[in-house]
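Below: one structure, written as C-alpha coordinates.
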Amino acid sequence: MDRVTKTLLAIVGVMIILSPIGILLVWNYSDAWGEWDVNTVEQMVGQKLPGMEKLADIWNHAVLPDYNVPGWEDKLHASIGYIISAVVGTALVIFLYYALVRFVVGKGASS
Amino acid sequence: MKEVVKLHIPDGYLGPYTCAFFYLIMIPIWYKAFRWLKNLKPSQVPLLGVLTAFSFLVMMYNMPVPGGTTAHIVGGTIIAILISPWAATVSLTIVLLIQALFFGDGGITTYAANVFNMGVVLPFVGYYTYRFLTRRLKLNEIVSAGIGAYVGIVTAAIMAGIELGIQPYLQPGYCPYPLRVSVPAMAIAHLVTAGPAAAVVTAAVVWYVKKSRPDLFAMRTITKTRG
(Lines give C-alpha, C1' and ligand atoms only; values in the text may rest on other atoms or scores of the structure.)
Protein backbone atom coordinates (compact mmCIF):
# COMPACT_ATOMS: atom_id res chain seq x y z
CA MET A 1 0.00 0.00 0.00
CA ASP A 2 1.42 3.37 -0.98
CA ARG A 3 1.74 6.42 1.22
CA VAL A 4 -1.34 8.21 -0.14
CA THR A 5 -3.57 5.17 0.43
CA LYS A 6 -2.18 4.80 3.97
CA THR A 7 -2.86 8.45 4.75
CA LEU A 8 -6.36 8.20 3.34
CA LEU A 9 -6.93 5.08 5.44
CA ALA A 10 -5.90 7.04 8.53
CA ILE A 11 -8.30 9.82 7.50
CA VAL A 12 -11.06 7.21 7.16
CA GLY A 13 -10.31 6.07 10.73
CA VAL A 14 -10.46 9.62 12.06
CA MET A 15 -13.68 10.25 10.14
CA ILE A 16 -15.28 7.21 11.80
CA ILE A 17 -14.37 8.44 15.27
CA LEU A 18 -15.46 12.02 14.59
CA SER A 19 -18.61 11.01 12.68
CA PRO A 20 -21.03 12.15 15.44
CA ILE A 21 -20.18 15.71 14.39
CA GLY A 22 -22.35 14.90 11.38
CA ILE A 23 -25.46 14.63 13.54
CA LEU A 24 -24.58 16.90 16.48
CA LEU A 25 -24.02 19.93 14.23
CA VAL A 26 -27.50 19.55 12.81
CA TRP A 27 -29.24 18.18 15.92
CA ASN A 28 -31.97 20.84 15.98
CA TYR A 29 -32.39 20.48 12.26
CA SER A 30 -33.41 16.86 12.49
CA ASP A 31 -37.05 17.32 11.57
CA ALA A 32 -36.01 19.03 8.35
CA TRP A 33 -33.76 16.26 7.11
CA GLY A 34 -35.93 15.27 4.21
CA GLU A 35 -36.60 12.21 6.33
CA TRP A 36 -40.26 13.12 6.44
CA ASP A 37 -42.64 10.26 6.31
CA VAL A 38 -45.62 10.34 4.01
CA ASN A 39 -47.99 11.75 6.63
CA THR A 40 -45.82 14.81 7.20
CA VAL A 41 -45.59 15.58 3.50
CA GLU A 42 -49.33 15.05 3.08
CA GLN A 43 -50.00 17.43 5.95
CA MET A 44 -47.68 20.05 4.50
CA VAL A 45 -49.25 20.05 1.07
CA GLY A 46 -52.77 19.31 2.28
CA GLN A 47 -53.46 16.44 -0.08
CA LYS A 48 -53.28 12.65 -0.15
CA LEU A 49 -50.32 11.10 -1.96
CA PRO A 50 -51.39 7.51 -2.70
CA GLY A 51 -48.33 6.73 -4.83
CA MET A 52 -45.93 7.85 -2.15
CA GLU A 53 -47.89 5.96 0.50
CA LYS A 54 -47.52 2.77 -1.48
CA LEU A 55 -43.81 3.06 -2.24
CA ALA A 56 -42.47 4.77 0.87
CA ASP A 57 -42.17 1.65 3.00
CA ILE A 58 -41.23 -0.73 0.24
CA TRP A 59 -37.98 -1.45 2.06
CA ASN A 60 -38.16 -1.65 5.84
CA HIS A 61 -35.37 -4.08 6.51
CA ALA A 62 -32.67 -1.51 7.19
CA VAL A 63 -30.61 -2.86 10.10
CA LEU A 64 -29.47 0.55 11.29
CA PRO A 65 -32.18 2.93 10.06
CA ASP A 66 -30.98 6.54 9.79
CA TYR A 67 -27.49 5.40 10.85
CA ASN A 68 -28.60 4.59 14.37
CA VAL A 69 -29.49 1.70 16.61
CA PRO A 70 -33.29 1.84 16.87
CA GLY A 71 -34.35 3.48 20.11
CA TRP A 72 -31.06 5.26 20.83
CA GLU A 73 -32.55 8.73 20.74
CA ASP A 74 -30.48 10.93 23.07
CA LYS A 75 -27.33 12.67 21.87
CA LEU A 76 -24.91 10.27 23.54
CA HIS A 77 -26.60 7.09 22.36
CA ALA A 78 -27.25 8.47 18.90
CA SER A 79 -23.56 9.37 18.65
CA ILE A 80 -22.53 5.84 19.60
CA GLY A 81 -25.08 4.46 17.16
CA TYR A 82 -23.66 6.73 14.50
CA ILE A 83 -20.10 5.48 15.10
CA ILE A 84 -21.33 1.87 14.97
CA SER A 85 -23.05 2.69 11.68
CA ALA A 86 -19.86 4.28 10.35
CA VAL A 87 -17.85 1.14 11.21
CA VAL A 88 -20.46 -1.26 9.80
CA GLY A 89 -20.98 0.83 6.66
CA THR A 90 -17.26 1.21 5.98
CA ALA A 91 -16.73 -2.54 6.39
CA LEU A 92 -19.65 -3.38 4.08
CA VAL A 93 -18.56 -0.89 1.43
CA ILE A 94 -14.99 -2.21 1.38
CA PHE A 95 -16.19 -5.83 1.36
CA LEU A 96 -18.54 -5.20 -1.56
CA TYR A 97 -15.85 -3.27 -3.41
CA TYR A 98 -13.31 -6.11 -3.19
CA ALA A 99 -15.98 -8.66 -4.08
CA LEU A 100 -16.79 -6.64 -7.19
CA VAL A 101 -13.13 -6.17 -8.15
CA ARG A 102 -12.54 -9.91 -7.76
CA PHE A 103 -15.63 -10.71 -9.79
CA VAL A 104 -14.71 -8.39 -12.65
CA VAL A 105 -10.93 -8.52 -12.68
CA GLY A 106 -10.24 -11.95 -11.23
CA LYS A 107 -8.20 -13.01 -8.27
CA GLY A 108 -4.79 -11.52 -8.90
CA ALA A 109 -5.87 -7.91 -8.80
CA SER A 110 -7.23 -7.57 -5.31
CA SER A 111 -3.98 -7.76 -3.38
CA MET B 1 -42.36 25.43 3.99
CA LYS B 2 -39.29 23.30 4.27
CA GLU B 3 -37.94 21.19 1.47
CA VAL B 4 -36.34 17.85 0.82
CA VAL B 5 -32.78 19.01 0.47
CA LYS B 6 -31.01 15.74 0.15
CA LEU B 7 -29.31 14.32 -2.85
CA HIS B 8 -30.69 10.94 -1.74
CA ILE B 9 -34.20 10.68 -3.12
CA PRO B 10 -36.21 8.37 -0.80
CA ASP B 11 -38.70 5.72 -1.94
CA GLY B 12 -42.07 7.21 -2.74
CA TYR B 13 -40.87 10.54 -4.08
CA LEU B 14 -40.45 9.32 -7.67
CA GLY B 15 -43.18 7.52 -9.59
CA PRO B 16 -42.70 4.12 -11.24
CA TYR B 17 -42.05 5.55 -14.74
CA THR B 18 -39.22 7.77 -13.52
CA CYS B 19 -37.72 4.92 -11.48
CA ALA B 20 -37.89 2.49 -14.40
CA PHE B 21 -36.45 5.11 -16.75
CA PHE B 22 -33.35 5.52 -14.61
CA TYR B 23 -32.86 1.76 -14.18
CA LEU B 24 -32.94 1.48 -17.99
CA ILE B 25 -30.48 4.35 -18.40
CA MET B 26 -28.16 2.89 -15.76
CA ILE B 27 -27.89 -0.60 -17.32
CA PRO B 28 -25.43 0.38 -20.09
CA ILE B 29 -23.64 2.81 -17.77
CA TRP B 30 -23.16 0.09 -15.14
CA TYR B 31 -21.95 -2.29 -17.82
CA LYS B 32 -19.37 0.23 -19.02
CA ALA B 33 -18.30 1.25 -15.49
CA PHE B 34 -17.83 -2.33 -14.23
CA ARG B 35 -15.87 -3.22 -17.34
CA TRP B 36 -13.77 -0.12 -16.77
CA LEU B 37 -12.57 -1.71 -13.49
CA LYS B 38 -10.25 -3.86 -15.61
CA ASN B 39 -8.25 -0.71 -16.39
CA LEU B 40 -7.54 -0.26 -12.71
CA LYS B 41 -3.83 -0.69 -12.05
CA PRO B 42 -3.01 -3.09 -9.19
CA SER B 43 -1.63 -0.16 -7.20
CA GLN B 44 -4.91 1.71 -7.66
CA VAL B 45 -7.08 -1.11 -6.30
CA PRO B 46 -6.58 -0.28 -2.60
CA LEU B 47 -6.71 3.45 -3.38
CA LEU B 48 -10.17 3.18 -4.94
CA GLY B 49 -11.27 0.99 -2.02
CA VAL B 50 -10.29 3.56 0.55
CA LEU B 51 -11.80 6.38 -1.54
CA THR B 52 -15.07 4.43 -1.68
CA ALA B 53 -15.03 4.21 2.12
CA PHE B 54 -14.20 7.93 2.22
CA SER B 55 -17.24 8.69 0.07
CA PHE B 56 -19.50 6.67 2.40
CA LEU B 57 -18.16 8.47 5.46
CA VAL B 58 -18.10 11.97 4.04
CA MET B 59 -21.83 11.65 3.36
CA MET B 60 -22.38 11.06 7.08
CA TYR B 61 -21.15 14.59 7.77
CA ASN B 62 -24.37 16.52 7.52
CA MET B 63 -23.89 20.24 7.44
CA PRO B 64 -26.44 22.84 8.48
CA VAL B 65 -27.99 24.83 5.64
CA PRO B 66 -29.48 28.25 6.47
CA GLY B 67 -33.23 27.78 6.62
CA GLY B 68 -33.25 24.62 8.68
CA THR B 69 -32.21 21.84 6.35
CA THR B 70 -28.99 19.91 5.92
CA ALA B 71 -26.67 18.89 3.12
CA HIS B 72 -23.57 16.79 2.70
CA ILE B 73 -20.84 16.32 0.15
CA VAL B 74 -20.28 13.16 -1.91
CA GLY B 75 -16.61 12.88 -2.82
CA GLY B 76 -17.36 11.88 -6.42
CA THR B 77 -15.19 14.53 -8.04
CA ILE B 78 -12.20 13.53 -5.88
CA ILE B 79 -12.40 9.96 -7.20
CA ALA B 80 -12.97 11.22 -10.75
CA ILE B 81 -9.86 13.41 -10.65
CA LEU B 82 -7.58 10.97 -8.79
CA ILE B 83 -8.64 7.87 -10.75
CA SER B 84 -11.44 8.28 -13.31
CA PRO B 85 -15.09 9.34 -13.45
CA TRP B 86 -15.94 5.68 -14.20
CA ALA B 87 -14.26 4.71 -10.93
CA ALA B 88 -16.52 7.22 -9.19
CA THR B 89 -19.55 5.56 -10.79
CA VAL B 90 -18.44 2.19 -9.39
CA SER B 91 -17.81 3.67 -5.93
CA LEU B 92 -21.14 5.44 -5.72
CA THR B 93 -22.97 2.37 -7.01
CA ILE B 94 -21.56 0.46 -4.02
CA VAL B 95 -22.00 3.22 -1.46
CA LEU B 96 -25.59 4.04 -2.40
CA LEU B 97 -26.57 0.37 -2.36
CA ILE B 98 -25.22 -0.11 1.17
CA GLN B 99 -26.84 3.15 2.30
CA ALA B 100 -30.23 2.14 0.92
CA LEU B 101 -30.22 -1.47 2.12
CA PHE B 102 -28.65 -1.18 5.56
CA PHE B 103 -29.35 2.40 6.64
CA GLY B 104 -32.61 3.24 4.88
CA ASP B 105 -30.91 6.26 3.27
CA GLY B 106 -32.09 6.85 -0.28
CA GLY B 107 -34.33 4.13 -1.65
CA ILE B 108 -34.71 0.90 -3.57
CA THR B 109 -37.03 2.20 -6.29
CA THR B 110 -35.02 5.42 -6.50
CA TYR B 111 -31.63 3.70 -6.35
CA ALA B 112 -30.84 4.00 -10.07
CA ALA B 113 -31.86 7.67 -10.11
CA ASN B 114 -29.66 8.35 -7.10
CA VAL B 115 -26.71 6.57 -8.70
CA PHE B 116 -27.30 8.57 -11.88
CA ASN B 117 -27.24 11.88 -9.99
CA MET B 118 -24.40 11.23 -7.56
CA GLY B 119 -22.42 8.57 -9.41
CA VAL B 120 -22.69 9.77 -13.01
CA VAL B 121 -23.74 13.43 -13.29
CA LEU B 122 -21.67 14.58 -10.33
CA PRO B 123 -18.29 12.98 -11.12
CA PHE B 124 -18.49 13.46 -14.90
CA VAL B 125 -19.51 17.12 -14.67
CA GLY B 126 -16.95 17.66 -11.91
CA TYR B 127 -14.19 15.94 -13.85
CA TYR B 128 -14.82 17.60 -17.20
CA THR B 129 -15.12 21.02 -15.55
CA TYR B 130 -11.76 20.37 -13.92
CA ARG B 131 -10.25 19.19 -17.18
CA PHE B 132 -11.58 22.16 -19.13
CA LEU B 133 -10.16 24.59 -16.57
CA THR B 134 -6.72 22.97 -16.39
CA ARG B 135 -6.24 22.16 -20.06
CA ARG B 136 -8.06 24.91 -21.90
CA LEU B 137 -7.82 27.80 -19.48
CA LYS B 138 -4.48 26.62 -18.00
CA LEU B 139 -5.83 27.23 -14.53
CA ASN B 140 -4.10 25.89 -11.42
CA GLU B 141 -4.94 22.19 -10.84
CA ILE B 142 -5.98 22.63 -7.22
CA VAL B 143 -8.24 25.60 -7.90
CA SER B 144 -9.73 23.74 -10.87
CA ALA B 145 -10.40 20.67 -8.72
CA GLY B 146 -12.30 22.85 -6.22
CA ILE B 147 -14.37 24.54 -8.91
CA GLY B 148 -15.02 21.18 -10.58
CA ALA B 149 -16.34 19.70 -7.33
CA TYR B 150 -18.53 22.76 -6.80
CA VAL B 151 -20.04 22.65 -10.28
CA GLY B 152 -20.42 18.84 -10.07
CA ILE B 153 -22.40 18.74 -6.84
CA VAL B 154 -24.60 21.72 -7.75
CA THR B 155 -25.42 20.14 -11.13
CA ALA B 156 -26.27 16.82 -9.45
CA ALA B 157 -28.52 18.67 -6.99
CA ILE B 158 -30.33 20.48 -9.80
CA MET B 159 -30.72 17.15 -11.59
CA ALA B 160 -32.33 15.63 -8.47
CA GLY B 161 -34.51 18.73 -8.19
CA ILE B 162 -35.70 18.24 -11.78
CA GLU B 163 -36.49 14.55 -11.20
CA LEU B 164 -38.52 15.45 -8.10
CA GLY B 165 -40.14 18.47 -9.70
CA ILE B 166 -41.47 16.72 -12.81
CA GLN B 167 -43.48 14.24 -10.72
CA PRO B 168 -46.61 16.40 -10.37
CA TYR B 169 -46.72 16.76 -14.16
CA LEU B 170 -46.13 13.05 -14.88
CA GLN B 171 -48.38 11.34 -12.41
CA PRO B 172 -49.78 12.89 -9.24
CA GLY B 173 -49.39 11.10 -5.92
CA TYR B 174 -45.61 11.13 -5.61
CA CYS B 175 -43.37 14.15 -4.94
CA PRO B 176 -45.98 16.91 -4.69
CA TYR B 177 -43.62 19.83 -5.30
CA PRO B 178 -43.38 21.26 -8.82
CA LEU B 179 -40.13 22.30 -10.53
CA ARG B 180 -40.35 25.92 -9.43
CA VAL B 181 -40.16 24.73 -5.81
CA SER B 182 -37.91 21.66 -6.01
CA VAL B 183 -35.13 22.98 -8.26
CA PRO B 184 -34.38 26.18 -6.31
CA ALA B 185 -34.61 24.26 -3.02
CA MET B 186 -32.07 21.68 -4.15
CA ALA B 187 -29.85 24.21 -5.89
CA ILE B 188 -29.65 26.75 -3.09
CA ALA B 189 -28.66 24.27 -0.35
CA HIS B 190 -25.84 23.03 -2.52
CA LEU B 191 -24.79 26.47 -3.77
CA VAL B 192 -24.37 27.83 -0.26
CA THR B 193 -23.30 24.82 1.84
CA ALA B 194 -22.39 21.56 0.15
CA GLY B 195 -20.82 23.22 -2.90
CA PRO B 196 -18.26 25.30 -1.01
CA ALA B 197 -17.53 22.35 1.31
CA ALA B 198 -17.02 20.04 -1.67
CA ALA B 199 -14.70 22.62 -3.26
CA VAL B 200 -12.52 22.95 -0.15
CA VAL B 201 -12.33 19.20 0.59
CA THR B 202 -11.64 18.27 -3.04
CA ALA B 203 -8.98 20.96 -3.44
CA ALA B 204 -7.31 19.84 -0.20
CA VAL B 205 -7.22 16.15 -1.17
CA VAL B 206 -5.96 16.92 -4.68
CA TRP B 207 -3.34 19.26 -3.27
CA TYR B 208 -2.13 16.56 -0.87
CA VAL B 209 -2.03 13.79 -3.46
CA LYS B 210 -0.35 16.01 -6.05
CA LYS B 211 2.29 16.97 -3.49
CA SER B 212 3.08 13.47 -2.23
CA ARG B 213 2.39 11.34 -5.30
CA PRO B 214 2.73 13.42 -8.46
CA ASP B 215 3.12 10.15 -10.37
CA LEU B 216 -0.53 9.29 -9.62
CA PHE B 217 -1.45 12.34 -11.62
CA ALA B 218 0.81 11.40 -14.49
CA MET B 219 -0.69 7.90 -14.43
CA ARG B 220 -4.20 9.30 -14.53
CA THR B 221 -3.38 11.40 -17.57
CA ILE B 222 -2.01 8.39 -19.41
CA THR B 223 -5.06 6.27 -18.50
CA LYS B 224 -7.33 9.02 -19.71
CA THR B 225 -5.65 9.71 -23.01
CA ARG B 226 -5.66 6.00 -23.74
CA GLY B 227 -9.29 5.47 -22.84
Side-chain angles (χ1 to χ4, degrees), chain A residues 1-5 7-9 11-12 15-16 19 21-23 25-26 29 31-36 38 41 44-45 47-67 82 85-86 88-90 92-94 96-98 100-101 104-105 108-111, chain B residues 1-6 8 10-13 15-16 34-35 37-38 40 42-43 45-54 56-58 60-64 68-70 72 90-91 94-95 97-105 107-109 171-177 208-209 212-213 216:
Chain A
M1 215 184 277
D2 61 272
R3 203 156 68 90
V4 166
T5 309
T7 308
L8 287 170
L9 202 59
I11 290 173
V12 160
M15 285 174 83
I16 291 175
S19 65
I21 292 173
I23 44 168
L25 261 184
V26 294
Y29 292 69
D31 56 339
W33 265 30
E35 296 288 335
W36 310 321
V38 193
V41 184
M44 280 190 295
V45 295
Q47 65 181 82
K48 280 269 161 204
L49 299 166
M52 190 184 274
E53 280 178 20
K54 216 168 67 187
L55 287 182
D57 288 323
I58 198 165
W59 179 256
N60 48 17
H61 309 291
V63 186
L64 295 162
D66 299 330
Y67 305 93
Y82 213 59
S85 301
V88 170
T90 304
L92 286 167
V93 158
I94 289 181
L96 192 57
Y97 167 74
Y98 274 104
L100 186 70
V101 169
V104 176
V105 187
S110 51
S111 55
Chain B
M1 181 171 58
K2 285 173 178 174
E3 280 311 312
V4 184
V5 189
K6 283 187 61 138
H8 294 66
D11 280 321
Y13 282 79
F34 291 154
R35 275 181 63 100
L37 271 181
K38 292 184 184 190
L40 210 54
S43 64
V45 170
L47 177 66
L48 182 54
V50 79
L51 285 170
T52 307
F54 176 82
F56 174 81
L57 287 165
V58 88
M60 291 183 74
Y61 283 77
N62 298 295
M63 293 169 291
T69 50
T70 71
H72 60 71
V90 172
S91 287
I94 294 168
V95 168
L97 184 70
I98 300 293
Q99 287 177 331
L101 290 181
F102 289 85
F103 303 101
D105 195 9
I108 305 300
T109 56
Q171 206 182 349
Y174 299 95
C175 176
Y177 301 108
Y208 165 72
V209 176
S212 47
R213 284 288 304 277
L216 266 179

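In what follows, chains carry the letters A, B, and so on, assigned in the order in which the sequence lines appear, proteins first and then strands, with residues in each chain numbered from 1.
Within the 4.5 angstrom heavy-atom criterion, atoms from both the backbone and the side chain of B:Leu101 approach chain A. The part of A:Ile94 that comes within reach of chain B is its side chain, from C-beta onward, which places non-hydrogen atoms under 4.5 angstrom from that chain. The parts of B:Phe54 that come within reach of chain A are both its backbone and its side chain, each placing non-hydrogen atoms under 4.5 angstrom from that chain. In this structure, the portions of B:Leu48 lying under 4.5 Å from any heavy atom of chain A include both its backbone and its side chain. Proximity to chain A involves both the backbone and the side chain of B:Leu47, based on heavy atoms less than 4.5 angstrom apart. Both the backbone and the side chain of B:Val58 have a heavy atom closer than 4.5 Å to some heavy atom of chain A.
Under a 3.5 Å cut-off, the side chain of B:Asn62 and the backbone N or O of B:His72 do not form any donor-acceptor pair. Under the 3.5 Å distance criterion, the side-chain polar atoms of B:Tyr61 are matched with a main-chain donor or acceptor of A:Met15.
Across A:Met52, A:Glu53, A:His61, A:Gln47, the residue that shares the most heavy-atom pairs under 4.5 angstrom with chain B is A:Met52. Each of A:Leu25, A:Val104, A:Ile21, A:Ile16 has some count of heavy-atom pairs under 4.5 Å with chain B, and the biggest count is that of A:Val104. In terms of non-hydrogen atom pairs under 4.5 Å with chain B, the most contact-rich of A:Ile11, A:Leu49, A:Leu9 is A:Leu49. Note: B:Met60 leads B:Met63, B:Lys38, B:Met60 in heavy-atom pairs under 4.5 Å with chain A.
For the side chain to side chain contact (heavy atoms under 4.5 Å, CB included) test with A:Leu96, the passing option among B:Thr52, B:Val95, B:Ile98 is B:Ile98; the others fail.
Looking at residues two or more places apart in sequence or on another chain, you find a side chain to side chain donor-acceptor pair (under 3.5 Å) between A:Asp2 and A:Thr5, B:Arg213. In this structure, B:Ser212 has no side chain to side chain donor-acceptor pair (under 3.5 Å) partners at least two apart in sequence or on a different chain.
Using a 4.5 Å heavy-atom threshold, the side chains of B:Ile108 and B:Asp11 count as touching. Side chains of B:Phe56 and B:Ile94 form no contact here, defined as non-hydrogen atoms less than 4.5 Å apart.
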